[in-house]
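Here is the structure we will look at, set down as structure tokens.
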Amino acid sequence: MKEILLCKYGEIVLKGANRKSFEDMLSREMKKRASAYGNFDIYRAQSTIYIEPKDEDADMDGMFAAASKVFGIVAIARAAVCEKNMDAIAHTAKEYVPQFLEGKKTFKVESKRSDKAFALDSMEISRDIGGVILEACPKIRVDVHNPDVIVKVEIREFGAYISAGQFKGAGGMPVGSNGKGLLLLSGGIDSPVAGWMLAKRGVRLDAIHFESFPYTSERAREKVLELAQIVSEYAGDIFVHVVSLTHIQEELVKACEEDYFTLLLRRYMMTIAEKVAREKGCMALITGESLGQVASQTMQALGVTDAAVNLPVFRPCIGMDKEEIVTIARKIGTFETSIQPYEDCCTVFTPRHPRTRPDLEKVLVQENKLDFNALVEEAMGTLYTVHIKAEY
Ligand code: ATP
Ligand code: MG
């Protein structure tokens, strides 16, 4: 029996002229991932991408897991394929469906006939196939209101498809459909989640990481690259730009009031990030900030940070509790890496009493004690880029 994957994309986002380019992006993402799991035919029709193995060696479990990370896909089903006639469908349902009903109490059949030339209507198909399944699995009952398993029979363009249980896809929009953004990536829990959330909305990611060697270690940087590697399973390749803040931090400590260190440092970070973003064609900055989480994330502090840049700053975690962010971090697989204890440049030279209600003018007085632009330019000179290749 032949099994394939049906990956369905929501039609709502696929409006008018964009539709084809969206679909092309989705097919491309699937094809990139498929090569690691065997030979597949990948084609589409009726808001569905079909992933059909060409031989027995194809790894369907691996492909299923990979497809469930593709943004833009709302549901995935494994389905058995057969010819579009009731004998073949009944035979296939009898062979294929019982394995999914083991240990379950109830089921129902839902049918959809997109091929209107098919002789039976969907009610008739459901009734007949329901009967076949009841015969094959005498212990199970039909429950049309709240079944344990929904068996789907779909009569489509290329054949009939029988599936038992749909799985949620990654949702969102295909990566690349909404421009490119620059993620400020630390080793923490929040920023990888923020990157993932924007990638889900179709944003391709570059990342910038600030280090402060020797105050931060090589291992801290490795950890950040590892986080980028995990996010890339969803977001595709990520270029991580690494910039040193060592000299800036040393100068800040020498010249400025301690209470302002973090705020000043954040303004440097944002300024450098904006420059890199413009060089790399990124149209927004993305951070993992959440309102009130730490001193630099009060409304006043965020205002002071934002005043340093002109690009839009996306903070998808802004209204989320830590617990909600952690839930996503666990789901996407970044959590265990994020909690490894390595220092971040924000945690070296932290003030004992950071300003939580800073006033921009007073911040500027401190900032003007140093040659801001010269230090930014010097830091830009330390930039090097690591290409994280997505491994699906
Ligand atoms: P995270 O868990 O993402 O590190 P956080 O709650 O620890 O966030 P901060 O350390 O104040 O918060 O950083 C706020 C945001 O600034 C981070 O989410 C990240 O986007 C950015 N950021 C912080 N440190 C760095 C760094 N070393 N390199 C790049 N971006 C950073
Ligand atoms: Mg942090």
Salt-bridge test for [X] and [Y]: reply yes if a basic N is under 4.0 Å from a carboxylate O, no otherwise.
X: Glu233; Y: Arg33; answer: no
X: Glu110; Y: Lys112; answer: no
X: Lys94; Y: Glu135; answer: no
X: Glu279; Y: Lys275; answer: no
X: Asp61; Y: Arg78; answer: yes
X: Glu226; Y: Lys223; answer: no
X: Arg156; Y: Glu154; answer: yes

Centroid-to-centroid, Phe167 to Phe64, below 6.0 Å?
yes
Can you pull out every salt bridge (charged side-chain N to carboxylate O under 4.0 Å, His left out) where at least one residue sits in residues 243-267? Sequence neighbours excluded, please.
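Counting only pairs at least two positions apart or across chains, the salt bridge (charged side-chain N to carboxylate O under 4.0 Å, His left out) contacts touching residues 243-267 are Glu251-Lys254, Glu258-Arg352, Asp259-Arg355, Arg266-Glu289, Arg267-Glu367.
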Within the structure provided, determine whether [X] and [Y] are in side-chain contact (heavy-atom separation under 4.5 Å).
X: Met86; Y: Ile129; answer: yes
X: Leu370; Y: Leu252; answer: yes
X: Ile189; Y: Lys322; answer: yes
X: Ile4; Y: Asp41; answer: no
X: Ile89; Y: Cys82; answer: yes

Under a 3.5 Å distance rule, please check whether [X] uses its side chain to pair with a backbone N or O of [Y] as donor and acceptor.
X: Ser244; Y: Phe210; value: no
X: Asp321; Y: Glu323; value: no
X: Glu274; Y: Leu311; value: yes
X: Ser338; Y: Gly188; value: yes
X: Lys139; Y: Glu102; value: no
X: Ser191; Y: Ser186; value: yes
X: Asp115; Y: Ile155; value: no
X: Ser122; Y: Arg113; value: no
X: Thr298; Y: Thr356; value: yes
X: Gln229; Y: Lys389; value: yes

Counting heavy atoms not belonging to [X], are there more than 12 under 6.0 Å from its [atom1]?
X: Lys168; atom1: NZ; answer: no
X: His353; atom1: NE2; answer: no
X: Lys362; atom1: NZ; answer: no
X: Glu361; atom1: CD; answer: no
X: Glu324; atom1: CD; answer: yes
X: Arg141; atom1: CZ; answer: no
X: Lys105; atom1: NZ; answer: no

For the residue pair Glu222 and Tyr342, confirm or rule out a side-chain donor-acceptor distance under 3.5 Å.
no
Could you tell me whether the side chains of Tyr268 and Gln249 share a donor-acceptor contact shorter than 3.5 Å?
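No, no side-chain donor-acceptor contact under 3.5 Å.
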Name the one of Gln297, Met299, Met320 that satisfies side chain to side chain contact (heavy atoms under 4.5 Å, CB included) with Leu291?
Met299
Sequence-distant partners of Lys20, side chain to side chain contact (heavy atoms under 4.5 Å, CB included), two or more places apart:
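Partners of Lys20 by the side chain to side chain contact (heavy atoms under 4.5 Å, CB included) criterion, ordered by chain and then number, come out as Asp24, Arg44.
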Hydrophobic cluster identity match, Tyr96 and Ile51, side-chain contacts under 4.5 Å
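No; Ile51 is not reachable from Tyr96 via cluster members.
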Which atom names give the shortest non-hydrogen contact between Pro214 and Thr246, and what distance separates them?
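Minimum heavy-atom separation between Pro214 and Thr246: CD-CG2, 4.3 Å.
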